[in-house]
Amino acid sequence: MENDQDNIIREVTQTDYKYGFFTDIDTDNIPYGLNEDIIRLISGKKNEPDWMLEFRLKSYRHWLGMEMPQWAHLKIPEINYQDIIYYSAPKQRIKPGKFEDVDPQLLETFNKLGIPLDEQKLLTGMAVDAVIDSVSVKTTFKKNLAELGIIFCSMGEAIQEHPDLVKKYLGSVVPYRDNYFATLNSAVFTDGSFCYIPKGVRCPMELSTYFRINAANTGQFERTLLIADDESYVSYLEGCTAPMRDEHQLHAAVVELVALNDASIKYSTVQNWYPGDKEGKGGIFNFVTKRGMCKGKNSRISWTQIETGSAITWKYPSCVLRGDNSTGEFYSVAVTNHHQQADTGTKMIHLGKNSKSTIISKGISAGKSNNSYRGLVRVTQNAVNSRNYSQCDSLLLGDKCGAHTFPYIEVANKTSIVEHEATTSKISEDQMFYCNQRGISTEDAIGLIVNGYAKEVLNKLPVEFAVEAQKLLQISLEGSVG
Amino acid sequence: MLKIRNLSASIDGKMILKGINLDVNAGEVHAIMGPNGSGKSTLAAVLTGRNLYEITEGQVTYLGKDLLTMAPEDRARAGIFLGFQYPIEIPGVSMANFMRTAVNEIRKFKGQQPMNASDFMKLIREKIALVEIDTKLINRSVNEGFSGGEKKKNEIFQMAMLEPMLSILDETDSGLDIDALKIVANGVNMLKRPDNASIVITHYQRLLDYIVPDFVHILYDGRIVKSAGKELAVELEAKGYDWIKNHDGDE
């Protein structure tokens with residue numbers, strides 16, 4: 001029996017990361033290292049106005065006095081921040097603009113990733129901003145969206161074209177002093193997506209950003225800002241992949257969402273960064289700050305995340321429920337295999353009256369991995385009649401992995417109700433044999449069981465991606481149970 | 001169809017099966033009876049490939065193939081079905097999804113295309129009628145929250161869906177009231193064809209009032225100590241298992 005399990009575990013290690021290829025393309029790199037000159041160089045490359053450079057410099061100066069947080073249940077090797085290239089852009093023969101102008105090699109890269117940038121070939125109902133390393137190469141359907149007054153473009157472009165909106169909201173949800181990685185991002189961020197949905201508009205298509213790390217020795221520091229004005233609605237999806245490399249690469253992004261009165265934002269992530277090999281060599285360090293501000297009354301922000309990649313994940317998509325009657329939701333499936341480590345969860349900060357939040361977290365651990373849920377529910381004194389429901393489930397595959405739950409609950413008034421439920425379960429030998437006896441292989445049985453376990457969360461994804469996410473879960477866990 | 005020769009198996013060094021010989025041909029129903037701990041369930045588990053047991057001796061041929069070297073899922077795909085004594089719960093996986101996966105795996109093995117959704121639903125409706133279970137059960141998670149009787153009927157439903165060549169029913173009658181027992185037996189009888197066979201494992205004779213076996217074997221202390229026609233079950237019921245225990249066995 002144990003031999004079988006070993007065999008199967010050996011098989012997992014042969015599972016290939018499908019997106020591990022590298023595109024050999026000329027890049028415009030700046031020198032290694034981090035200092036004020038580098039920040040000026042990045043800002044200059046992007047032709048930024050002074051106020052943007054000032055934002056970066058004050059962030060950098062603040063960051064110098066900060067220390068890396070050590071509270072997470074993670075073993076993080078020392079990161080040498082001078083050993084990273086902070087700006088790398090594919091050299092395009094022609095300046096990007098129209099689709100026809102995008103370098104064919106880059107188009108081919110995105111084709112290979114299953115993200116065709118040709119509007120004719122794209123899934124109908126989805127607009128994509130494609131980011132490779134430090135720059136956005138193409139945003140599709142911009143014109144169609146502009147007719148409705150929707151702004152969907154790269155952050156670089158937004159700084160040039162919509163400085164008032166950027167100035168007003170950048171750092172309004174995640175201040176530049178917020179935390180070590182967010183502060184670093186504020187100093188060196190390169191591109192990312194910007195989106196503004198005007199008052200009363202329901203965005204007719206899924207907006208999506210696809211992040212690709214390609215160049216070696218670089219870090220990716222993208223910044224996303226999404227604003228939903230009064231009574232508007234938008235559904236947004238991000239995906240990400242990276243080549244397989246023996247060295248770790250750093251990804252430290254910041255995402256800020258702002259929902260005004262009666263606005264609703266649905267933000268979904270399928271995170272598939274390279275997780276490292278079976279020995280834990282290589283892989284992306286993913287230190288991300290994602291936060292949404294339910295600023296207006298009756299506003300709603302919903303986070304859905306499927307986390308399968310990265311060597312280390314440190315990520316807590318959160319909601320600040322400032323508006324009365326506002327709603328925050330967090331639906332998460334986090335999978336760890338081999339030597340992956342994840343410390344992920346959410347924060348729900350109730351400030352407004354009658355605010356509601358729901359947390360559904362499903363952790364799946366396999367191999368020698370460690371998977372932690374960390375969540376804060378804080379109900380302040382003024383947030384009367386608030387309500388939170390949290391459910392944290394852990395599923396263990398094999399007996400060498402770990403699952404941990406760290407819930408923090410703070411309630412400062414007497415009229416609010418907070419509920420927390422947690423379970424831990426294991427896929428049993430009996431369940432596997434039952435499936436086998438019906439002709440279902442062990443791999444397929446794990447897929448069935450894991451997808452069944454994660455169904456509640458998968459159902460929250462836009463339909464087109466739910467199927468992809470299901471397959472991804474199965475691939476991530478192939479053969480991890482005997 | 002199935003030839004078992006001198007099959008011996010142990011768990012944690014303890015011998016459970018001590019040289020089983022049995023031949024099952026197409027069209028036959030065999031009953032295996034015996035007291036608790038005689039090795040009945042072990043035999044079913046060994047034939048279906050449960051990896052808890054070590055095979056210490058013997059061979060099993062199924063449709064000309066060496067059964068003991070086949071993976072459990074391959075045995076199932078080749079037409080061996082086990083009706084579980086204690087059906088397993090699989091939370092989050094609906095019966096419909098579970099069965100569709102199983103049916104399509106078996107079809108793939110036979111070189112057939114996956115079944116489309118409407119044919120599949122038709123098949124479900126047809127088979128569900130056989131065992132008189134509530135159609136709502138197929139939208140529920142596999143065996144989760146099913147009553148004892150529903151679980152057993154659900155085993156027969158799965159057997160009807162998968163149309164096995166050789167069904168092994170491990171104490172399917174245990175814990176059933178008489179009405180449920182009749183439904184289960186009726187399902188088994190309806191599925192009987194000249195080209196398939198079944199092995200019905202039971203502790204009690206009462207199931208054999210409804211499923212009439214061609215052969216009855218008495219298993220005791222890891223050996224088949226007596227084989228005869230259906231009259232043996234009646235004799236056993238009258239005399240009790242002590243009769244066998246005092247018997248020296250005729251191997």
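Note on naming: letters A, B, ... go to the chains in the order of the sequence lines (proteins, then strands), and numbering restarts at 1 for each one.
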- [ ] Pick one of side chain, backbone, both or neither for Asp430(A), based on which atoms fall under 4.5 Å of a heavy atom in chain B.
- [x]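 Backbone plus side chain of Asp430(A), per the 4.5 Å heavy-atom cut-off to chain B.
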[X] portion near chain A, given a 4.5 angstrom heavy-atom threshold:
X         : answer
Phe98(B)  : both
Leu162(B) : side chain
Val142(B) : side chain
Pro87(B)  : both
Leu82(B)  : both

Open item on the list: My understanding is that only one of Glu238(A), Glu307(A), Gln305(A) makes a side-chain hydrogen bond (donor to acceptor under 3.5 Å, both in side chains) with Gln271(A); could you say which?
Closed with: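 Among Glu238(A), Glu307(A), Gln305(A), the one that satisfies the side-chain hydrogen bond (donor to acceptor under 3.5 Å, both in side chains) with Gln271(A) is Glu307(A).
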Could you list the donor-acceptor pairs under 3.5 angstrom formed by side chains in residues 58-71 of chain B, with sequence neighbours left out?
unit_1, atom_1, unit_2, atom_2, d
Tyr62(B), OH, Ala78(B), O, 2.8
Asp66(B), OD1, Leu68(B), N, 3.3
Thr69(B), OG1, Asp66(B), O, 3.0

TODO: Identify which of Glu73(B), Glu54(B), Arg77(B) forms the greatest number of heavy-atom pairs closer than 4.5 Å to chain A.
DONE: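 Most pairs with chain A among the choices: Glu73(B).
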Task: side chain to side chain donor-acceptor pair (under 3.5 Å) between Lys315(A) and Ser310(A), intermediate numbers included - done: CA-CA 11 Å; Lys315(A) 184 180 165 190; Ser310(A) 297; over 6 Å; no
Open item on the list: Please determine whether a side-chain nitrogen of the Lys or Arg among Glu171(B) and Lys40(B) lies less than 4.0 Å from a carboxylate oxygen of the Asp or Glu.
Closed with: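 Yes.
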TODO: Run the salt-bridge test on Glu329(A) and Lys356(A) with the 4.0 Å N-O cut-off and return the result as yes or no.
DONE: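 Looking at Lys356(A) together with Glu329(A), the answer is no, because their closest N to O distance does not fall below 4.0 Å.
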TODO: Look at Gly439(A), Ala445(A), Gly452(A) and state which one has the largest set of heavy-atom pairs under 4.5 Å with chain B.
DONE: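 Looking at each of Gly439(A), Ala445(A), Gly452(A) in turn, Gly439(A) comes out on top.
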Task: Stepwise side chain to side chain donor-acceptor pair (under 3.5 Å) test for Tyr434(A) and Asn143(B) - done: CA-CA 11 Å; Tyr434(A) 195 71; Asn143(B) 291 319; 3.2 Å; yes
